Number of protein chains: 4
Amino acid sequence: MLLSIIKDYSLWEDGLKKINWARRFMPILNQIRKEYEDKKPLKGLNIAISVHLEAKTANLALLLKDLGSNVFVTGSNPLSTQDDVASALVHEGIEVFAIRGVDTSEYFSHLEKTLENDIDLIIDDGGDLTYLLHTKREDLGDRIIGGCEETTTGVIRLRALEREGKLKFPMIAVNNAYCKHLFDNRIGTGQSTWDGIMRTTNITVAGKYVVVAGYGFCGKGIAKRAQGLGAKVIVSEVDPIKALEAYMDGFEVMKMQDAAKIGDIFVTATGCKDVIRYEHILQMKDGAILCNSGHFNVEIDIATLEKKAVKKYEARKNIQGYLLENGKEVFVIAEGRLVNLAAADGHPIEIMDMSFAIQALSSIYVVQNHRQLEKKVYNVPEEIDRFVAEVKLRSLGIEIDRLTPEQEKYLESWEV
Amino acid sequence: MLLSIIKDYSLWEDGLKKINWARRFMPILNQIRKEYEDKKPLKGLNIAISVHLEAKTANLALLLKDLGSNVFVTGSNPLSTQDDVASALVHEGIEVFAIRGVDTSEYFSHLEKTLENDIDLIIDDGGDLTYLLHTKREDLGDRIIGGCEETTTGVIRLRALEREGKLKFPMIAVNNAYCKHLFDNRIGTGQSTWDGIMRTTNITVAGKYVVVAGYGFCGKGIAKRAQGLGAKVIVSEVDPIKALEAYMDGFEVMKMQDAAKIGDIFVTATGCKDVIRYEHILQMKDGAILCNSGHFNVEIDIATLEKKAVKKYEARKNIQGYLLENGKEVFVIAEGRLVNLAAADGHPIEIMDMSFAIQALSSIYVVQNHRQLEKKVYNVPEEIDRFVAEVKLRSLGIEIDRLTPEQEKYLESWEV
Amino acid sequence: MLLSIIKDYSLWEDGLKKINWARRFMPILNQIRKEYEDKKPLKGLNIAISVHLEAKTANLALLLKDLGSNVFVTGSNPLSTQDDVASALVHEGIEVFAIRGVDTSEYFSHLEKTLENDIDLIIDDGGDLTYLLHTKREDLGDRIIGGCEETTTGVIRLRALEREGKLKFPMIAVNNAYCKHLFDNRIGTGQSTWDGIMRTTNITVAGKYVVVAGYGFCGKGIAKRAQGLGAKVIVSEVDPIKALEAYMDGFEVMKMQDAAKIGDIFVTATGCKDVIRYEHILQMKDGAILCNSGHFNVEIDIATLEKKAVKKYEARKNIQGYLLENGKEVFVIAEGRLVNLAAADGHPIEIMDMSFAIQALSSIYVVQNHRQLEKKVYNVPEEIDRFVAEVKLRSLGIEIDRLTPEQEKYLESWEV
Amino acid sequence: MLLSIIKDYSLWEDGLKKINWARRFMPILNQIRKEYEDKKPLKGLNIAISVHLEAKTANLALLLKDLGSNVFVTGSNPLSTQDDVASALVHEGIEVFAIRGVDTSEYFSHLEKTLENDIDLIIDDGGDLTYLLHTKREDLGDRIIGGCEETTTGVIRLRALEREGKLKFPMIAVNNAYCKHLFDNRIGTGQSTWDGIMRTTNITVAGKYVVVAGYGFCGKGIAKRAQGLGAKVIVSEVDPIKALEAYMDGFEVMKMQDAAKIGDIFVTATGCKDVIRYEHILQMKDGAILCNSGHFNVEIDIATLEKKAVKKYEARKNIQGYLLENGKEVFVIAEGRLVNLAAADGHPIEIMDMSFAIQALSSIYVVQNHRQLEKKVYNVPEEIDRFVAEVKLRSLGIEIDRLTPEQEKYLESWEV
């Protein structure tokens, strides 16, 4: 608390309530605590975590502390930090550097503060900690034995670093674990995107034309839930195989410039920039609603929209109305930031339980194996993925079949 | 504003913003205004409206005013009133008697205040205005030429009054219109129930066992959306035909006492009381979540739960945690009140546009035909239903086929 | 067997196998047999049945015989009769007048033969028996105390007769029973239409544009199953409320002339004629596939197509290819007759068990109440509907809740 | 035709009709023909194909011939061969060795006959050609430069051979291509499995408990379509991650021994043997229906069932009824062979167009690159996958977006 930079410590009680509620729905983290609490596998390590700072990530931070480490937390997005949860973490003895709604420069200063604590291991979300450690704050990376990265976006950045031979420590691509992307990206983003859109707009999803840009795991989840809510889904893609997959899944597929004229609601989930451009926005129907589920707020070209719009106003809480030069209005939710975090409470709890279990176990893995690891991007070891799935199934009371010895032999053999 | 009883007039600007946002998505009310504004078909009438007082109902009130009437608004549920919208209505020259969160006695006093204005016509939601006019405040009913009732629950009460020969004026059962129950009860309740549950709990719907009590139009919508969100749905019913319909729609069907042991989330939508009883709650899994989408908060027997629980606490905002004598905890959302209104923003806007268009047109119908109407419950005239559908389709740019003269003749004929 | 007109008696064994297989999945008919076999409520009556003559209807005929009547069976469509099942019925002592594939004049002669047996009661399917009894063979109607009609189409014809005051005996509109149209029209037509299309064409449904003409209960089922198979559904309608329902259910809605250009597969289910006309067909894509799920083969204007097409050939078994004057080809399944019967085995068994249970019980009802019945079209008595649902639920092992006395009282009351 | 061993040459006309119908829905094969017909990339090669011999595979064989090779065709399963199509291929100048319904020894003799033609390249389906070439008929493998394998099952066998260092030539694992398993296994198996079950049984899918064994791509497709048809789906799995995926997709997950008691219809799709064992069958409800969608008929332990059953009879065409010692009956479709091929027409055409396009292009790839290829199992080159998707999209008239240079740069970069 001497170090922490937070909004208002007195909010801690509300934050703790949220943390405790979330804990109820995190059986895997609870099981890891149970199994490792005494062994303290992270003993004495200083861990920097960059996360969407709310009740679920708070549970990850608290677990890492319970496994023996000193935890330093920062937000991974200035709009997703919840100040009461930040306070609760401080109350529980964790250093936090995060305030909701700060500007980019203050945001990065918080990241630096977090890294200025003799950090041994990082848990990154989107790659900003990693970015700092490879640019401005190269000085802070000497002790670092490795880390984990949560998102698709972050992994793309790590691969670029690796390709250029610049990566300074081994990183585990948590996003590539099955128990992460199958559920977090697909089920988590699918639900929370629509939670965010519905609560922010109060409009009817049924019957609407929903345009989903990108048909990766996030886009698949968003499209499926849109259909589950009664919408007609149009997908735009740059990859022909994913485009065909969307078609075969029963969705319309077309270029954004064609979809722009039809859509009622647009959601981007590509990991790329300028997916919805001003030229597309000019084609849209009066009253079109735009939002983004990708990590960075670059998928909709808000900058150009801001510059060209005749008028901007708050149409409803967290909805920006833009009057265009052609007389039509479009609405952007949460300034194009991740709609599920900036306009809702992020992914649902049980999903993050899985993702964070992989984070925690991958951290332990890095600690135990860092001597053998090269300065590369690694996939999550299969046994961690499997362990997480098994604990989750057990927590649900689900038992599954096991191969008999005869079956195992059959699967190994090539003879009839 | 001399009469109005509201929380805080200064909130009007926020309320107006919400009203204007909603208006954008209400093409049918806007069309009715356009067609009738000059004719003033409600000229000089005093209309009492009991509604879930928020942005959408505010648009109905404003339309009725624009059609010539003096409008007096009260809330139909103390927990669904939005104080800023109430203020905005006052700002627009409508008298309002509603404050969020008042107790039952104050709630009824607001209803009485509303009726004490030489009312000619009522628009009721759940039947409380009608109830007062047939009991304590019979004195206020003399001028009343008729009215409209919005909900299933209210219509059930009206039918009971009619059966006993006590109904004092003609009432239009708005709920029975196709453009009401097909969309409001099914699509509206379906979406908004899950909006409320998701935003209040932040839990994952996918994979969960969702128990839906009642398979009327509301229950159908809730079940379908639950499946669309990835849940496994169990339906409880008392009507064998509806039970069979649920089975054929792909859902599990069982008694509540059996479903109680399996469910993760329970939603009631029956119009009946004590559908989830304490005996059921005792059977539930630790951590079960209960909520209600029916009009009155009687479907879950909260009273007994309150009495028998060992401990009650706020588990998360708007979630009451109950520790049971058997050591398990259950959670109730919004004290068992309508989850879509008490924990979200009610039905989505476009849906209410249809329902309120029927309200407005039925009101005009009552005014123009009250001399021929008996003291009975009437269905909405078919041409109103049809008109609403046609305007809505037109607003969507949808054109449909027309029967050719040959086809019309074919459909009239019994010969080959 | 002296009277019967069938294709080939020696086929009876195959027919009997089919009948026995179907019986396994008809728990309600089996239960009715059990309850009524000793009482013989149809004792001594001569019953004429016009049905799609296959294994399921055969079970209805056999039940009526077991309840004491003499049964005379004819087909309701020359293309749906299965000759082996006809033989099996003869083998079981029932008179049958039906041969697959006969022309219209022979078809009607079979209907007449059936009626020439001092008939007391008719069970009609589409209204052809009724039609004969009100035109050419008025002479045969004197003994008739009433009957039942199975289809929407037949009920439309009955209502026309009733309106003109010409109906000669009371008829029960079996189609209007909940346990008929909720399941037969929606679930039955939904599944069997796609069974017929898939087995006849071997094409992929996923990704296709499917145009469904008509959004009644049949159209709803066809659309829902198309979506369940991965298709994109477009609905055409003449009724604005049904059109809006289709829109809110997540489907495209447009005029047939617009849908014609987009669709890959067209299915009609309107009960009307000339729904797909030559002008539409000319607009279609090369390779479009057309079929009909309505009762009569008039929904697609095959006559004009035959006249105008440059060439006609068998493209695959039961598929007619037409080369159009514009150089494109379109394909019609089973000459535009009911695709589920002419290209598959009709509705699935369990569904017809419900429909035929209503037929059987309505027949008993007519026998027991014919003195009080007027020459009108009657709905199925509620208790029959309820009984069928209850027996079906019981056969599935499903128990449902019952209202408590307090709940019943609550539902009767209008006070808070 | 001198060599060919077929049932009856005179059937060729019917076969040709089927082949022509299929060709209409195979735009990718047609495009490959167009692009390569003149270049004759397979000129002078002798190719042995083992396939489910019907209209779609016939189009692959004809394409390979048009690209310059001499084609020798055999069936990959004695029950899936269509004799009329075999005749049509002979009529078109291809040698065929396949007769429907032959026993295992004759089946293998046909495979040998096919291989006895100085074969240069094989196209295998399930691995039986490969098996012969590594055992009994090692003598015939000397000229072989490589080949392609279609199925999951075959690839598993190839990997086993490769692991043991015994694989004698390079093989392309066609199954691993995205345009194969995403569509063939998921969409193709999903649709055709239910086509087979529905047409064979005529029972209602809606409301039924469907047990799907295996949640790979095939199982996923079967489960999804079952839900689309209104069933309740239960999944059994041995892999915890797949089990969790099934749970999150909204399905029940349990051990087969538990599912056995609940299921109405059982479908296996695991690639493993003895997945449904006699101990499971004894637990099943009277009237349970079993079938298999995996490559080999070993997934249900039919052998033990045959031995232990009290009685076996044909319950309906292609359905075997077994009376068990416990007095209950179960029904097996098509003797437990692939239900979509043995009881329907296999995968829908457009799906196989994709799979076979990959086969054809992979064959060309082997021819052009065999000198560089080792005796290993290779994945399909990415550019083939991409090409197939692009041609398919073009044939559908679908255009997709392309990355701008700025976007490509963004995706390569790790800086903000």
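All values reported here derive from a predicted model rather than from experimental measurement. The chains referred to below are lettered A, B, ... by the order of the sequence lines, with proteins before strands, and numbering in each begins at 1.
Two residues are said to be in side-chain contact when any heavy atoms from C-beta on lie closer than 4.5 Å; M354(A) and M248(D) meet this criterion. Between E412(D) and R159(A), the closest side-chain pair of non-hydrogen atoms is not below 4.5 Å. With contacts defined as side-chain heavy-atom distances shorter than 4.5 Å, the pair V298(A)/Y410(D) qualifies.
The candidate with the highest count of non-hydrogen atom pairs below 4.5 Å against chain A, out of E252(D), E390(D), R386(D), M254(D), is R386(D). For the options K224(A), E350(A), R277(A), heavy-atom pairs under 4.5 Å to chain D are most numerous at R277(A). The candidate from I156(A), L161(A), L393(A) with the greatest count of non-hydrogen atom pairs under 4.5 Å with chain D is L161(A). Of the listed residues (T270(D), D249(D), I351(D)), the one with the most heavy-atom contacts under 4.5 Å to chain A is D249(D). Heavy-atom pairs under 4.5 Å with chain D peak, among G127(A), G397(A), G271(A), at G271(A). The most heavy-atom pairs under 4.5 Å with chain A, out of R163(D), E406(D), E399(D), H134(D), come from E399(D).
Environment of NZ in K375(D): sparse, with no more than 12 heavy atoms of neighbouring residues, nucleotides or ligands closer than 6.0 Å. Within 6.0 Å of the CD atom in E382(D), the count of heavy atoms belonging to other residues, nucleotides or ligands does not exceed 12. Annotation: K136(D), atom NZ; neighbour count of heavy atoms from other residues, nucleotides and ligands within 6.0 Å does not exceed 12. For Y178(A), the OH atom counts as loosely surrounded, since its 6.0 Å shell holds 12 or fewer non-hydrogen atoms of other residues, nucleotides or ligands.
Q407(A) contributes a side-chain N or O that, together with a main-chain N or O of K273(D), makes up a donor-acceptor pair within less than 3.5 Å. The backbone N or O of M256(A) sits less than 3.5 Å from a side-chain atom of D401(D), completing a donor-acceptor pair.
Taking CZ of F183(D) as the start and CG of L244(A) as the end, the distance is 4.0 Å to the nearest 0.5 Å. Atom OH of Y247(A) sits about 6.0 Å away from atom CD1 of I398(D), to the nearest 0.5 Å. Note that CD1 of I241(D) is 4.5 Å distant from SG of C179(A), once rounded to the nearest 0.5 Å.
For T153(A), no part lies near chain D; criterion is any non-hydrogen pair under 4.5 Å. In this structure, chain A has no heavy atom under 4.5 Å from any part of R394(D). Contacts of E245(D) with chain A are made by both backbone and side-chain atoms, with heavy-atom separations under 4.5 Å. Interface remark: I187(D) contributes side-chain atoms only to the contact with chain A (heavy atom separation under 4.5 Å). Contact annotation for T404(D): only side-chain heavy atoms (C-beta onward) come within less than 4.5 Å of a heavy atom of chain A. Heavy atoms closer than 4.5 Å to chain D are found in both the backbone and the side chain of V275(A). Heavy atoms closer than 4.5 Å to chain D are found nowhere in E408(A), neither backbone nor side chain.
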Stepwise side-chain contact (heavy atoms from CB on, under 4.5 Å) check, K242(D) with L182(A): CA-CA 10 Å; K242(D) 285 183 182 149; L182(A) 281 181; over 6 Å; no

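Minimum heavy-atom separation, V238(D) to I400(A): O-CD1, 3.6 Å. Closest approach of A160(D) to S413(A), counting heavy atoms only: CB-C, 4.1 Å.
D239(D) and R402(A) are not joined by a salt bridge, as no carboxylate oxygen comes within less than 4.0 angstrom of a charged side-chain nitrogen.
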